[in-house]
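Working notes, structure below.
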Amino acid sequence: MNVRIAVILCLSLSFLGVTSTYAIDPPQITAKGIAIYGWKDNVATPILLKKEHQLFPIASLTKLITAKIAEDLYLPDRVFTISKVAAATEGTIPGIVAGATFTRDDLLKALLINSSNDAAVALMEPVGAKTFIDRMNDELHTKNYTTTSFINPSGLDPSKKSKLKPNRLTPYHLTEILNDIYLNDSFLAGILDSNNVEITNLTDNTPVSLKQTNALFRDDIYKNKMWMSKTGLTNMAGQNLAFVTDGGTAYDYVTVVFLGSKGRTVDSKKLLDWLDLVVNNQNYGG
């Protein structure tokens, strides 16, 4: 969906090239790109922006699109066998091994909560890499999220020899994707709101425990502020995070996307503390 931006006075802050809606200066964080919007009656108001229309590598935030395509392609109880190729994919999750079998919904949980690259490949394999990635790119291009194309379902960096560009999106368009899932896909939103889940290897009925990759879900001060979340991390992308949080007295909810951070947990805490001030006090600039 297209984000409709409310027209309000914005203060341009000289440091970091940040544009903020509020008179209270935002914290200095390490992220290279930022898009924070407050949503009220499905209208988005910019709260904090930095290079929101610039393309950045998004690492495992790719899996938001991967999950949407897998939902379209397969029924919830479709069973997938983890191949040797999938199991050999960079990144290891105990219990997701060659020969193990899982339903689509359990693989989606592994994909989004524990950011399993094995699950991304397993979900792609039944239709083949070209068909699956073409479907991902059709989704991106049809909804005008980007004119660039993804090269894989995991968000892993391409090899240096390939000269391919990594999967890239803008903070602005990631906001649209995040908001679309939050409003229109209760199943995926519910997964992204989970701290710990258990999935089952149907081959021998072995349970596999998964833990949310966003550490704030286990922080007593901040865990209730995480309504849904997805992390990303590669060498090219740095540390990425997209989440939905409380809108206070000003908004129904707030979407937060930041890319290229050097410390996503510290950046998140700073932003959440600042948001508590501005969305509750409604301290507009001017």
Side-chain angles (χ1 to χ4, degrees), residues 20 22 24-31 33-40 47-48 58-61 63-64 67 91-95 106 108-116 119 171 174-175 178-179 181-183 185-199 207-233 237-283:
S20 172
Y22 294 90
I24 302 174
D25 285 350
Q28 296 193 42
I29 65 172
T30 64
I34 306 168
I36 302 179
Y37 291 90
W39 295 80
K40 186 74 172 179
I47 295 176
L48 186 68
I58 63 169
S60 284
L61 298 188
K63 296 181 173 87
L64 297 173
T92 301
I93 296 176
D106 274 0
L108 287 174
K109 292 172 184 176
L111 181 81
L112 296 176
I113 292 176
N114 217 188
S115 209
S116 169
L174 276 164
T175 296
L178 190 67
N179 187 63
I181 291 173
Y182 179 69
L183 290 182
D185 195 327
S186 59
F187 177 66
L188 293 186
I191 294 175
L192 292 162
D193 187 36
S194 302
N195 179 20
N196 297 291
V197 299
E198 189 172 272
I199 64 175
V208 178
S209 296
L210 303 174
K211 183 171 67 174
Q212 168 67 239
T213 52
N214 182 351
L216 294 184
F217 274 82
R218 292 173 293 282
D219 187 304
D220 288 341
I221 296 174
Y222 297 96
K223 62 184 180 182
N224 291 332
K225 300 178 187 296
M226 292 291 106
W227 291 8
M228 56 176 267
S229 166
K230 183 70 193 80
T231 62
L233 170 65
Q239 299 183 33
N240 297 340
L241 185 60
F243 63 88
V244 178
T245 190
D246 187 9
T249 58
Y251 306 107
D252 298 327
Y253 55 93
V254 171
T255 52
V256 178
V257 173
F258 61 86
L259 306 176
S261 170
K262 294 180 181 178
R264 67 187 177 211
T265 300
V266 173
D267 281 351
S268 297
K269 290 180 178 181
K270 288 181 179 180
L271 286 170
L272 286 166
D273 290 345
W274 177 74
L275 278 170
D276 274 346
L277 292 175
V278 299
V279 301
N280 285 305
N281 294 338
Q282 301 186 52
N283 191 336

Quiz item: Are Ile47 and Trp274 close enough that some pair of their side-chain heavy atoms sits under 4.5 Å apart?
Solution: yes

Quiz item: Would you call Tyr182 and Trp39 a side-chain contact if the rule is heavy atoms closer than 4.5 Å?
Solution: no

Exercise. Under the ring pair (Phe, Tyr, Trp, His ring centres under 6.0 Å) rule, collect the residues that match up with Tyr222, sequence neighbours excluded.
Key: none

Self-check item: Ala110 backbone acceptor or donor facing Ser116 side chain under 3.5 Å
Solution: no

Practice problem: With sequence neighbours excluded, tell me which residues meet side-chain contact (heavy atoms from CB on, under 4.5 Å) with Ala31. | Solution: Ile29, Ile34, Phe258, Ser261, Asp267

Exercise. Look at the side chain of Asp193 and the backbone N and O of Ala189, then say whether any donor-acceptor pair between them is shorter than 3.5 Å.
Key: no

Quiz item: So Phe243 and Leu271, side chain to side chain contact (heavy atoms under 4.5 Å, CB included) or not? Walk me through it.
Solution: CA-CA 12 Å; Phe243 63 88; Leu271 286 170; 5.7 Å; no

Exercise. Please step through side chain to side chain contact (heavy atoms under 4.5 Å, CB included) for the pair Leu48 and Val278, ending with a clear verdict.
Key: CA-CA 11 Å; Leu48 186 68; Val278 299; over 6 Å; no

Quiz item: If we only count heavy atoms from C-beta on, is the Lys230 to Leu192 side-chain gap below 4.5 Å?
Solution: yes

Practice problem: Check Ala35 against Thr175 and note the closest heavy-atom contact, atom names and distance. | Solution: CB-OG1, 3.6 Å

Quiz item: With distance as the sole test, does Thr245 use its side chain to make a donor-acceptor pair with the main-chain N or O of Val254 at under 3.5 Å?
Solution: no

Quiz prompt | Set of side chain to side chain donor-acceptor pair (under 3.5 Å) partners for Asp106, sequence neighbours left out | solution = none

Quiz item: Closest approach of Ile191 and Leu112, non-hydrogen atoms and distance?
Solution: CG2-CB, 3.8 Å

Self-check item: Partners meeting side chain to side chain donor-acceptor pair (under 3.5 Å) with Asn195 (sequence neighbours left out)
Solution: Arg218

Self-check item: Residues which pass salt bridge (Lys or Arg N to Asp or Glu O under 4.0 Å) with Lys223, listed by chain and number, not counting sequence neighbours
Solution: Asp220

Quiz item: Around Lys40, counting heavy atoms of other residues, nucleotides and ligands shown, do more than 12 lie under 6.0 Å from its NZ?
Solution: yes

Quiz item: So, for Ala237 and Ala59, which heavy atoms are closest and what is the spacing to 0.1 Å?
Solution: CB-CB, 3.8 Å

Self-check item: Spacing of Gln28 atom CD and Lys270 atom NZ [to the nearest 0.5 Å]
Solution: 8.0 Å

Self-check item: Side-chain heavy atoms of Tyr253 within contact of Asn179, under 4.5 Å
Solution: yes

Exercise. Evaluate side chain to side chain contact (heavy atoms under 4.5 Å, CB included) for Met226 paired with Leu272, printing each intermediate quantity in order.
Key: CA-CA 10 Å; Met226 292 291 106; Leu272 286 166; 3.7 Å; yes

Quiz item: Rounded to the nearest 0.5 Å, what separation is found between the CG atom of Asp246 and the CG atom of Asp276?
Solution: 8.0 Å

Quiz prompt | Inter-residue atom distance Leu241.CG - Leu233.CG, 0.5 Å rounding | solution = 11.5 Å

Quiz prompt | CD1-CG distance between Ile58 and Leu61, expressed to the nearest 0.5 angstrom | solution = 5.5 Å

Self-check item: Any side-chain heavy-atom pair of Val208 and Pro94 under 4.5 Å
Solution: no

Exercise. Evaluate the criterion side chain to side chain contact (heavy atoms under 4.5 Å, CB included) for residue pair Tyr251 and Leu275; output intermediate values, then yes/no.
Key: CA-CA 11 Å; Tyr251 306 107; Leu275 278 170; over 6 Å; no

Exercise. Could you tell me whether the side chain of Gln239 and the main chain of Arg264 form a donor-acceptor pair under 3.5 Å?
Key: yes

Self-check item: side-chain contact (heavy atoms from CB on, under 4.5 Å) partner of Thr265, chosen from Thr231, Leu216, Asp219
Solution: Leu216

Quiz item: Which residues satisfy the side chain to side chain donor-acceptor pair (under 3.5 Å) test with Lys63, sequence neighbours excluded?
Solution: Ser60, Ser115, Asn117

Quiz item: With respect to Asn114, which candidate in Val197, Asn196, Ile199, Thr213 satisfies the side-chain contact (heavy atoms from CB on, under 4.5 Å) definition?
Solution: Thr213

Quiz item: For the atom pair CE (Met228) and CD (Gln212), what is the distance rounded to the nearest 0.5 Å?
Solution: 10.5 Å

Quiz item: Closest heavy-atom contact between Ile113 and Ser194?
Solution: CD1-CB, 3.7 Å

Practice problem: Look up atom CG in Leu277 and atom CD1 in Ile24, then write down how far apart they are to the nearest 0.5 Å. | Solution: 5.0 Å

Quiz item: How far apart are the C-alpha atoms of Asn214 and Ser229, what are their side-chain angles, what is the distance that settles it, and do they pass the side-chain hydrogen bond (donor to acceptor under 3.5 Å, both in side chains) test?
Solution: CA-CA 7 Å; Asn214 182 351; Ser229 166; 2.8 Å; yes

